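Bear in mind that the values here come from a model prediction, so they are computed numbers and not experimental data.
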Amino acid sequence: MKSDRLFLTMKKIRWLLGIGVGSGVLCIVSVLFFSDANWVITGIAAANVLVFVAIFFLLHHTHADYLQSLVSQLSDLTDALVTLEEIPVFSDTEDTLLSKLQSKITKLVFVLRKQKGDTMVEKEKIQSLVSDLSHQLKTPISNLMIYSEFLQDDTLSVQKRKEYLQVIQTALLRLNFLSESMIKISRLESGLIHLHPKVQSCNETALQAIKSAYSKAKEKQIELCYAEEQMQILADHDRNWTAEAIYNLLDNAIKYGAAHTKITLSVKQYGMFSAIEVADQNAPIPEEERSKIFSRFYRGKNSVGKEGIGVGLYLTREIVQKQGGYMTVKCTCFGNHFVMVLPKGNPEF
């Protein structure tokens with residue numbers, strides 16, 4: 001590279017300068033201390049002095065070029081911090097301070113580039129969240145505005161007034177549910193809510209979820225069954241949050257279930273993992289929707305006319321993944337089978 005060539009040229013000039021200075025000094029000493037020195041020695045001394053002066057000016061000029069080239073290349077290197085690109089300026093094969101500086105800047109560029117990428121991902125998440133929220137808020141807010149205007153009509157009958165109030169109450173409940181769900185999602189995603197998993201009984205956690213969903217299943221005349229292979233199956237999990245995740249699965253099955261059908265909740269052990277399974281007898285989820293059902297605010301084609309905003313399954317997956325587990329779903333002509341897999345962990349004695 002240009003600066004390296006200039007550096008080598010300066011080293012050669014310094015070497016020649018050292019020889020010229022040494023020769024000049026020797027000639028001058030000869031003239032001063034040897035009176036019989038002839039004019040040849042004097043000429044040689046003068047020539048050495050001229051060479052010394054010439055080399056000095058050449059060295060000065062080369063040094064100025066070197067500094068200019070070095071500043072230019074350092075400027076190119078710092079441009080890498082602005083463009084976040086790897087710009088090789090100095091040789092990587094030489095162990096010099098400049099090559100070490102370039103290596104440090106390259107590492108810094110890599111870190112800054114990753115941070116920029118993470119920031120872009122977070123920005124896209126926020127934009128997606130705002131878009132989803134605006135879509136979910138549109139219907140209940142519109143209902144509140146429309147039916148609140150209807151209620152201002154003094155000639156409105158008592159029956160109509162009750163109907164309009166019921167619509168307003170439903171919209172308020174939807175907004176309340178949406179706000180609570182978004183708070184949970186936001187806290188989970190931002191890490192404000194910390195799950196505290198420990199090795200404990202999955203059976204008791206499953207029963208806690210069944211108690212929450214039992215009345216809703218009974219109201220729709222759906223049989224809610226619990227099955228377990230053994231008395232105690234352990235898993236490393238946070239009981240309250242995991243119970244909510246199980247409840248979301250049960251609530252989803254009840255929501256889309258028909259009367260006189262059955263939902264089975266079972267707890268099983270698979271080697272180093274424990275599984276909590278929810279099997280329903282509902283219409284199978286279409287194949288093209290199975291990869292989307294755990295997305296935030298996603299609602300399938302069969303959700304028309306059903307309550308909900310499409311965050312239950314999303315929350316369930318988030319809760320399970322934050323505990324080192326994963327979710328699977330299998331759909332057949334007999335219904336849908338959701339499986340929540342959690343690590344068994346090591347119990348503390």
Side-chain angles (χ1 to χ4, degrees), residues 123-190 192-193 209 212-222 224 241 244-259 261 263 280 282-283 285-286 288-290 292-319 336 338:
K123 184 178 179 180
E124 290 175 359
K125 284 183 178 180
I126 293 173
Q127 290 176 342
S128 174
L129 179 59
V130 171
S131 177
D132 292 337
L133 270 176
S134 62
H135 176 73
Q136 294 294 328
L137 291 171
K138 185 176 180 180
T139 300
I141 291 177
S142 297
N143 288 340
L144 286 174
M145 294 177 64
I146 293 171
Y147 286 94
S148 62
E149 290 180 4
F150 289 166
L151 288 174
Q152 296 178 12
D153 187 358
D154 295 333
T155 63
L156 204 62
S157 65
V158 175
Q159 183 63 31
K160 284 292 183 181
R161 191 174 296 275
K162 287 182 178 180
E163 292 179 7
Y164 294 164
L165 286 172
Q166 182 63 41
V167 173
I168 290 176
Q169 185 178 10
T170 302
L172 289 172
L173 289 174
R174 183 181 176 88
L175 287 173
N176 182 63
F177 178 75
L178 176 62
S179 63
E180 290 180 352
S181 299
M182 290 311 304
I183 289 172
K184 291 178 183 177
I185 291 174
S186 175
R187 289 179 175 177
L188 275 174
E189 290 182 344
S190 62
L192 293 177
I193 290 180
S212 302
Y214 179 77
S215 60
K216 196 169 186 178
K218 184 178 181 181
E219 183 181 345
K220 288 196 67 175
Q221 298 181 337
I222 294 176
L224 191 56
W241 280 100
E244 179 166 345
I246 300 170
Y247 171 79
N248 288 338
L249 293 177
L250 295 172
D251 181 64
N252 193 69
I254 294 169
K255 186 187 305 176
Y256 296 101
T261 57
I263 299 173
D280 60 44
N282 303 339
I285 300 170
E288 65 272 13
E289 294 184 2
R290 293 172 195 171
K292 306 174 184 177
I293 57 175
F294 293 104
S295 301
R296 183 174 53 201
F297 295 124
Y298 180 79
R299 304 198 72 196
K301 297 177 182 178
N302 62 343
S303 63
V304 178
K306 305 289 185 180
E307 63 176 4
I309 58 174
V311 297
L313 293 180
Y314 173 78
L315 269 173
T316 294
R317 188 189 64 174
E318 286 291 304
I319 292 168
N336 304 293
F338 288 86

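- The structure places CG of Asp251 at 10.5 Å from CD of Glu244, a figure rounded to the nearest 0.5 Å.
- Here CH2 of Trp241 is found 5.5 Å from CD1 of Ile319. Values are rounded to the nearest 0.5 Å.
- The distance from the OH atom of Tyr214 to the CG atom of Leu250 is 13.5 Å, given to the nearest 0.5 Å.
- In terms of heavy-atom proximity, Ile168 sits nearest to Tyr147 at CG1-CB, 3.8 Å.
- Residues in residues 154-163 take part in these side-chain hydrogen bond (donor to acceptor under 3.5 Å, both in side chains) pairs, two or more places apart or across chains: Asp153-Thr155.
- Within the structure, salt bridge (charged side-chain N to carboxylate O under 4.0 Å, His left out) pairs that include any residue of residues 141-152 do not occur (at least two apart or interchain).
- Annotation: the span from Phe150 atom CZ to Asn143 atom CG amounts to 10.0 Å, rounded to 0.5 Å.
- The shortest heavy-atom contact between Lys255 and Lys220 is O-NZ, 3.2 Å.
- Among residues two or more places apart in sequence or in another chain, the side chain to side chain donor-acceptor pair (under 3.5 Å) test is passed with Asn336 by Asp280.
- Under the 30°/60° scheme for interplanar angles, the aromatic rings of Phe294 and Phe338 are found to stand perpendicular.
- Put simply, OH on Tyr247 and CG on Leu315 are 12.5 Å apart, with the number rounded to the nearest 0.5 Å.
- Judged by distance alone, with hydrogens and angles left aside, the side-chain atoms of Lys216 form no donor-acceptor pair with the main-chain N or O of Ile254 at under 3.5 Å.
- Considering all non-hydrogen atoms of both residues, Asn282 and Ala253 come closest at ND2-O, 3.0 Å.
- A pairwise comparison of heavy atoms in Ser212 and Ser215 identifies O-OG, 4.4 Å as the closest pair.
- For the residue pair Leu175 and Pro140, the shortest heavy atom distance occurs at CD2-CG, 3.7 Å.
- To the nearest 0.5 angstrom, Leu172 atom CG is 5.0 Å from Leu144 atom CG.
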